[in-house]
Amino acid sequence: MKIKKEELTRVIKRVVDDTPIVDVHTHLFNVSFGDLLLWGIDELLTYHYLVAETMRYLTIPYEQFWNMSKEEQADLIWKTLFVDRTPISEASGGVITVLNLLGLDVSSRDLQSYRTFFRRYNVKDYIDLVFEKAKIKYVIMTNDPFVEEERKTWINGYVEDSRFKPALRIDPLINEWDKSYKKLSEWGYKVGRKLDASTLSEIKRFLSDWVKRMKPVYIAASLPPTFHIPEKNDPSTIVEGAVIPIAEEFNIPFAMMIGVKKLTNPELLLAGDSVGKANIETVEYLCRTYPHNKFFVLMLSRENQHELVVTARKFRNLHIFGCWWFLNNPSIIDEITRERIEMLGLSFTPQHSDARVLDQLLYKWTHFKKIMIEVLVDKYSDLMDDGWLLSEEELERDVKFLFGGEFESFLERKF
Ligand code: HDL
Ligand code: ZN
């Protein structure tokens with residue numbers, strides 16, 4: 001049925017709110033990974049984004065904060081950002097959105113009462129509740145075989161849950177070969193420090209073993225702003241000599257998450273990572289040199305966004321996604337999403353949550369959808385002003401593309 005112009009906003013809101021979501025990058029885990037899955041108010045409050053924001057108001061030694069219990073850290077963050085000040089930032093406001101969506105009395109500001117609410121849940125029921133409320137079809141995890149606690153579950157104890165799909169994460173392999181080669185050797189791969197032909201072949205065997213074990217949607221790595229290929233260095237040699245061939249063999253994307261400056265402030269630990277403008281020529285080179293490979297890319301610097309969109313126009317084997325981390329703020333999401341639609345139409349994935357805490361699915365997607373609706377209303381209004389007739393079915397089809405459908409088509413394609 002054709003949509004009337006005056007109904008457009010209402011219909012777009014309904015469609016965006018109701019379309020099931022494929023969340024293409026998260027740090028969530030299914031229940032077989034035990035405590036690796038974070039959830040509940042104390043995890044929400046001690047999210048590293050909020051740690052960084054809290055420490056800006058305090059003078060206590062970082063060590064003193066890190067020595068506190070999780071609950072003591074949460075109490076301090078709650079007092080600093082939510083009691084002594086208004087939670088006006090994106091991440092602090094997100095906690096309020098979660099509490100409100102769960103039906104808790106936000107006006108009470110009673111942290112203890114919120115803790116009581118979460119204590120009533122078991123994790124399985126809570127996963128069902130959050131996925132249903134956030135309308136999540138499935139999430140893609142971040143699965144790192146170099147994290148011992150995770151590795152042992154993969155070796156013995158992993159139980160599949162179709163709502164949590166794996167992704168093979170290999171940062172240490174690419175970024176810290178000088179250390180990780182010892183791990184591979186311990187695990188029985190005949191590798192040496194020198195990246196000669198036999199070591200590269202064993203790295204391929206390691207990757208192949210984990211692809212067969214995990215059946216990942218993609219192989220991923222977070223890469224520094226200095227990441228540059230081709231280069232005579234370990235990362236470049238491992239990517240071209242091992243990752244690219246294995247990704248092509250299994251026809252799965254290599255997901256490059258580029259622009260993280262690790263531990264800019266080491267005292268903040270995970271909250272200490274920052275951002276740097278990265279090198280778009282590397283993305284161009286890889287897409288051009290390996291046309292039978294698929295590249296799934298997001299970049300962290302706002303200054304890389306426009307050129308990344310243009311690069312996606314040049315290479316059909318490049319699929320870009322998400323408003324990552326320091327970009328995941330309304331003012332920037334609006335800008336990035338508009339330029340992507342204006343240059344790529346529906347051939348990209350506008351958002352992922354990057355959720356580290358299960359409950360964040362509620363706020364990260366609610367906040368994003370508000371902006372998605374505004375952008376789509378503008379774009380479809382312009383079309384309708386030129387006489388284009390739009391049906392609800394077509395709108396549902398388009399939003400399904402944006403919320404994971406085009407990504408799933410990209411996964412099926414063999415170039
Ligand atoms: O490397 C990554 O996957 C990043 O998303 C980091 O995990 C980062 O700490 C983060 O959570 N960003 O949102
Ligand atoms: Zn992430």
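Computed from a predicted structure; not experimentally measured. Atoms within a ligand are numbered from 1 in the order they appear, just like the ligands themselves.
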side-chain hydrogen bond (donor to acceptor under 3.5 Å, both in side chains), paired with Q351, selected from D23, T337, N328
N328
of all protein heavy atoms, closest to atom 1 (O) of ligand 1 is R169 NH2, 2.6 Å
I'd like to know whether the aromatic ring centres of F348 and F407 sit less than 6.0 Å apart in this structure.
no
Is the Lys NZ or Arg CZ of R213 less than 6.0 Å from the centre of W210's six-membered ring, within 45° of the axis?
yes
Do me a favour and list the nearest non-hydrogen protein atom to atom 5 (O) of ligand 1 with residue, atom name and distance?
D354 OD1, 2.8 Å
Check the orientation of F146 and F206. Use parallel for under 30°, tilted for 30 to 60°, and perpendicular for over 60°.
tilted
Closest approach of any protein heavy atom to atom 10 (C) of ligand 1, naming residue and atom
H48 NE2, 3.6 Å
Kindly confirm or rule out a cation-pi arrangement of R85 over Y57, judged by NZ or CZ under 6.0 Å from the six-membered ring centre and within 45° of its axis?
yes
Scan E335, E339, E307 and name whichever one has a salt bridge (charged side-chain N to carboxylate O under 4.0 Å, His left out) with R302.
E335
H25 heavy atoms within 4.0 Å reach ligand 1 at atoms 3 (O), 5 (O)
Side chain, backbone, both or neither: which part of K262 has a heavy atom under 4.0 Å from ligand 1?
neither
Heavy atom of the protein closest to atom 7 (O) of ligand 1 (residue, atom name, distance):
R356 NH2, 2.5 Å
Kindly identify the option in Y49, F326, W324 whose heavy atom sits closest to atom 13 (O) of ligand 1.
Y49
